[in-house]
There are 2 protein chains.
Amino acid sequence: MKASTTNKRVQEERFRKTLRAVGERATPARVALLTTLEQAGRPLSMQTILQQMKAFGTDQVTVYRSLHMLEQKGLIQRVDLRHGHTHFELAASDHHHLVCLTCGNVEDFTGCGVTSMVSRALKQSKHFVEVKQYAVELFGYCKRCYKNK
Amino acid sequence: MKASTTNKRVQEERFRKTLRAVGERATPARVALLTTLEQAGRPLSMQTILQQMKAFGTDQVTVYRSLHMLEQKGLIQRVDLRHGHTHFELAASDHHHLVCLTCGNVEDFTGCGVTSMVSRALKQSKHFVEVKQYAVELFGYCKRCYKNK
DNA sequence: ATGGTTGCAAACAATTTGCACCAAA
DNA sequence: TTTGGTGCAAATTGTTTGCAACCAT
């Protein structure tokens, strides 16, 4: 048995537990959705998700409904890469994205200093008292596209 | 003549110049769009924009086409406030947003230390060499909604 | 057993395209 | 004058809803 297969099974079991932990049923479609996002390791477009889940035998409608629920429960996050369509990735990934404005390539980066940013923002704010999530995306050019500008 | 009227005319003239400067025609619809975003002073939803522009006598299609062009030229920016629909605001506003996850209220904040964040990200990056735009949104709770949680 | 979940069909909403006419430069 | 912009209608794409059958617990 290949290592990747083992890992996948372990992941799936973990996701089943996570789902039950937030009070939701661990259905095959939901587990497959989380596994797909996990294995991708990067934000997946709606298109791609629908495609992969269709291959798995899941209806579009179920995908939409599952994504809503998972986002609501905070297990996944919507990402706006300015590619023209929504992307999703597993939540709790404390990294952010560099996005190429030309080719659309995405690279992660960490250590954006978001903690100090949050405290500064809250200190400055009149009405806000807590920050739970954040979106940080940087848009620019990768080497290749920079040259061809 | 009221001061606000004067300001509006001055703004319009400025926007006409800006449009020509990026090689585009200064049509009434485009100027009205930019003026609308300017006067709002906060990100406007697609809905709101379409509504206001319809009142101005502009077709939806023209609004979509203008928004695309203005975004392409870097005069406006798409903002994802996780309200379920796209928002736009004038570009070059070097502030970011605090968004309430419950009521959707938006507040600006400045001084997020984006410059040092950008240099850290670029230093860390294998492929990226330039950052031209960024999106920084913090999601949390305002006083009122925090109490009622 | 049973209440939440799914698939299908159909409604609904959002966005884009083709084309004739009009206007900014 | 000429090139690009606009409005209208219709196509296309994206997302949601209603309901009967199904399955995770």
Side-chain angles (χ1 to χ4, degrees), chain A residues 9 12-36 43-73 75-76 78-88, chain B residues 9 12-36 43-73 75-76 78-88:
Chain A
R9 289 208 187 147
E12 285 174 1
E13 194 45 51
R14 185 161 53 79
F15 285 137
R16 269 188 276 274
K17 279 179 186 153
T18 308
L19 283 165
R20 294 195 196 99
V22 299
E24 294 287 339
R25 294 191 179 179
T27 67
R30 290 164 177 188
V31 175
L33 200 38
L34 290 168
T35 306
T36 301
L44 291 185
S45 71
M46 200 69 217
Q47 278 181 28
T48 306
I49 295 171
L50 288 171
Q51 199 175 297
Q52 299 219 16
M53 291 303 291
K54 183 174 181 182
F56 183 76
T58 305
D59 192 86
Q60 285 204 353
V61 176
T62 300
V63 177
Y64 280 109
R65 288 195 271 228
S66 302
L67 288 171
H68 277 159
M69 183 276 282
L70 295 171
E71 190 187 10
Q72 199 60 40
K73 293 291 180 177
L75 302 183
I76 65 174
R78 193 178 291 269
V79 183
D80 181 7
L81 301 178
R82 302 192 186 168
H83 284 190
H85 32 253
T86 308
H87 290 241
F88 285 95
Chain B
R9 290 209 186 145
E12 286 176 0
E13 193 45 49
R14 186 161 51 80
F15 286 137
R16 268 188 278 274
K17 278 180 187 152
T18 308
L19 284 164
R20 293 194 197 102
V22 299
E24 293 289 337
R25 293 191 180 179
T27 67
R30 291 166 176 187
V31 174
L33 200 39
L34 290 169
T35 306
T36 301
L44 292 184
S45 70
M46 201 68 216
Q47 278 181 27
T48 306
I49 295 171
L50 287 171
Q51 199 174 297
Q52 299 219 17
M53 291 303 290
K54 184 175 180 180
F56 183 76
T58 304
D59 193 86
Q60 285 203 354
V61 177
T62 300
V63 176
Y64 280 109
R65 288 195 272 227
S66 300
L67 288 170
H68 276 159
M69 184 276 283
L70 294 170
E71 190 186 10
Q72 200 58 43
K73 293 292 180 176
L75 301 184
I76 65 175
R78 193 177 292 268
V79 184
D80 182 5
L81 302 177
R82 301 193 186 166
H83 285 190
H85 32 251
T86 307
H87 289 242
F88 284 95

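Since we're looking at a predicted model, the values are computed, not measured. Scope of the values below: all heavy atoms of this structure, side chains included, with no hydrogens, waters or symmetry mates. The chains referred to below are lettered A, B, ... by the order of the sequence lines, with proteins before strands, and numbering in each begins at 1.
Take S45(A) and apply the side chain to side chain donor-acceptor pair (under 3.5 Å) test, not counting sequence neighbours, and it matches T48(A). For H68(A), the ring-ring contact (aromatic ring centres under 6.0 Å, His included) test picks out no residue, with sequence neighbours left out. For T35(B), the side chain to side chain contact (heavy atoms under 4.5 Å, CB included) test picks out K8(B), Q11(B), E12(B), F15(B), V31(B), Q39(B), with sequence neighbours left out. Residues that satisfy the side chain to side chain donor-acceptor pair (under 3.5 Å) test with E71(B), not counting sequence neighbours, are R78(B). For E13(A), the side chain to side chain donor-acceptor pair (under 3.5 Å) partners at least two apart in sequence or on another chain are R16(A).
Contact detail for V63(B) and I49(B): the closest heavy-atom pair is CG1-CG2, 3.8 Å. Shortest non-hydrogen contact noted between H87(A) and H83(A) is NE2-ND1, 3.7 Å. A32(A) approaches M53(A) most closely through the heavy-atom pair CB-CE, 4.0 Å.
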*asked:* Is there a side chain to side chain contact (heavy atoms under 4.5 Å, CB included) between L67(A) and F88(A)? Walk through the geometry before answering.
replied: CA-CA 9 Å; L67(A) 288 171; F88(A) 285 95; 3.9 Å; yes
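Per the geometry, CZ belonging to F88(A) stands 12 Å off C1' belonging to dT15(D), to the nearest Å. dT3(D) atom C1' lies 15 Å from atom CE of M69(B), rounded to whole Å.
The distance from the CG atom of D80(A) to the OG1 atom of T86(A) is 7.5 Å, given to the nearest 0.5 Å. Between H85(B) atom NE2 and M46(B) atom CE the span is 11.0 Å, to the nearest 0.5 Å.
Bounding nucleotides for the chain A contact on DNA chain C, 5' to 3', at a heavy-atom distance below 4.0 Å, are dG3(C) to dA9(C).
The shortest distance between the side-chain N/O atoms of Y64(A) and the OP1/OP2 oxygens of dT16(D) is not below 4.0 Å. Between R30(B) and dG5(D), a side-chain N or O to OP1/OP2 separation shorter than 4.0 Å is present.
Helix bend of the helix from dA1(C)-dT25(D) to dA25(C)-dT1(D): the angle between its two end axes, each built from five pairs, comes to 60° after rounding to 10°.
Applying a 4.0 Å cut-off to non-hydrogen atoms, the residues of residues 46-63 of chain A that approach DNA chain D are M46(A), Q60(A), V61(A), listed by residue number.
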Using a cut-off of under 3.5 Å, enumerate the N/O to N/O pairs linking the protein to nucleotides 21-25 of chain D.
unit_1	atom_1	unit_2	atom_2	d
dA24(D)	N3	R25(A)	NH1	3.4
dT25(D)	OP1	R20(A)	NE	2.9
dT25(D)	OP1	A26(A)	N	3.2
dT25(D)	OP2	R20(A)	NH2	3.4

Enumerate, atom names and distances included, each donor-acceptor pair closer than 3.5 Å involving a side-chain atom of residues 17-26 of chain B, sequence neighbours excluded.
unit_1	atom_1	unit_2	atom_2	d
T18(B)	OG1	R14(B)	O	2.8
E24(B)	OE1	R30(B)	NH1	3.4

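For residues 55-65 of chain B, the set of pairs meeting the side-chain hydrogen bond (donor to acceptor under 3.5 Å, both in side chains) definition, not counting sequence neighbours, is empty.
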